[in-house]
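Beneath this line is the structure, given in structure tokens, with notes to follow.
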Amino acid sequence: MSLLKTIHRCGLLLAASLVGLAMSPLSAHAAITCTITQPTALSFAYVNNTNSTTNKIQSAITAVCQRTLSTDPTSATLTLGANDGAQPVSSNNFAQLGANGVRYNLWRNSGCTQQFRDTAATQLSATFSSATLSPVTLTFDFWGCIPGQSVASFPAGLYTDVVTLTLRNGAIPLATGSIPINIYAPATCTISGLPTVITFVYSAFGAANFQSANFNANCTNLLPYTIDLSPTAGVVGGLRYDLGLSDTVGSASNVGAATLSNVGNASGTRSHVINGVMLANQAGATTPIAPQSHTLTITY
């Protein structure tokens with residue numbers, strides 16, 4: 001009896017081993033294999049915009065898939081999901097330059113109302129169909145959109161992020177990839193709040209008369225710029241006057257220079273002054289008084 005029991009146990013072990021060998025090819029079987037073609041970077045040129053207008057760009061992601069065996073299913077619905085990028089903020093993706101960032105999102109439609117994310121309701125989908133073992137290319141269209149926001153206080157330059165992609169067949173991951181995000185915020189610098197006409201009130205052989213007028217430079221934060229005034233002197237009604245630039249109101253003895261250098265600040269607006277003085281002890285002339293024109297030039 002002892003010998004029979006031993007043989008019986010060995011027989012059970014042998015049967016279990018045979019079953020294990022029969023199942024191993026099935027567990028290693030993959031019906032569809034895919035690779036994601038490296039997408040080109042999604043690149044925006046973004047200008048400061050505080051209203052609801054959206055900077056928008058269309059792009060596409062491609063994947064190459066194929067059946068591995070002739071017995072594999074000939075079709076399947078594949079889904080593509082995108083994560084929130086490397087540094088999401090709340091419900092927005094965030095492209096960063098140093099400590100500053102520009103909000104953006106990926107979308108499934110051109111109206112930028114259906115987000116492209118990595119949940120069942122937000123993924124992109126495509127149908128794989130092939131009766132052969134040849135590769136098939138699938139295309140997933142999407143849009144990148146930047147909502148209106150103020151970046152006037154941010155430095156100009158390249159803001160970047162990386163979004164990770166996952167292609168699946170049901171719950172089975174088939175391939176991963178990534179999309180580089182480039183948002184270029186160009187440097188801007190303009191003059192606004194143009195100065196009013198400088199009017200001198202002067203009596204012959206009188207004291208010097210000082211006047212000033214303000215204007216604004218609207219420049220990207222940390223952006224160096226220069227402002228030039230030309231000409232810086234003139235004669236009106238036979239009376240000579242001098243002009244200059246400064247950050248604050250000057251005086252009859254210090255109107256400032258012809259060129260002023262500065263750097264954009266976080267508010268996006270910096271005030272400057274044109275100072276003018278009509279020199280003392282001038283007789284003047286009876287010639288007609290005609291306004292004199294002068295030019296402000298901002299360089300950055």
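The shown structure was predicted, so the numbers you read here are calculated from the model rather than taken from an experiment. The first residue in the sequence is number 1, and the count goes up from there.
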Quick one: does [X]'s side chain have a donor or acceptor within less than 3.5 Å of a partner on [Y]'s backbone?
X	Y	result
Asp161	Ala86	yes
Arg240	Val235	no
Gln149	Arg103	yes

- Query: Within a strict 4.5 Å, meaning less than it, do heavy atoms of the Ser246 and Asn254 side chains meet?
  - Reply: no
- Query: Got Leu78 and Gln123 here, is their nearest side-chain heavy-atom distance under 4.5 Å?
  - Reply: no
Distance (rounded to the nearest 0.5 Å) between [X] [atom1] and [Y] [atom2]:
X	Y	atom1	atom2	value
Leu106	Gln114	CG	CD	14.0 Å
Asn105	Phe116	CG	CZ	12.0 Å
Leu138	Ile61	CG	CD1	12.0 Å
Leu167	Cys65	CG	SG	5.5 Å
His294	Asp228	NE2	CG	14.5 Å
Arg108	Gln115	CZ	CD	8.5 Å

Non-hydrogen atoms of [X] and [Y] that approach each other most closely:
X	Y	answer
Met278	Val236	CE-CG1, 3.8 Å
Ile146	Tyr46	CG2-CE1, 3.7 Å
Pro180	Gln38	CD-NE2, 3.8 Å
Thr176	Ile36	C-CD1, 3.7 Å
Ile198	Ala213	CG1-CB, 4.0 Å
Ile227	Phe215	CD1-CE1, 3.8 Å

Say whether [X] and [Y] are linked into one hydrophobic cluster, either directly or through other cluster members, by side-chain heavy-atom distances under 4.5 angstrom.
X	Y	answer
Leu245	Leu223	yes
Val249	Val277	yes
Leu229	Tyr300	yes
Trp143	Phe44	no

- Message: Are more than 12 heavy atoms, taken from residues, nucleotides or ligands other than Ile57, located less than 6.0 Å from that residue's CD1 atom?
- Response: yes
- Given the options Thr248, Asn214, Asp247, Asn216, His272 meets side-chain hydrogen bond (donor to acceptor under 3.5 Å, both in side chains) only with Asp247
- Do Tyr241 and Phe200 have their ring centres less than 6.0 Å from each other? yes
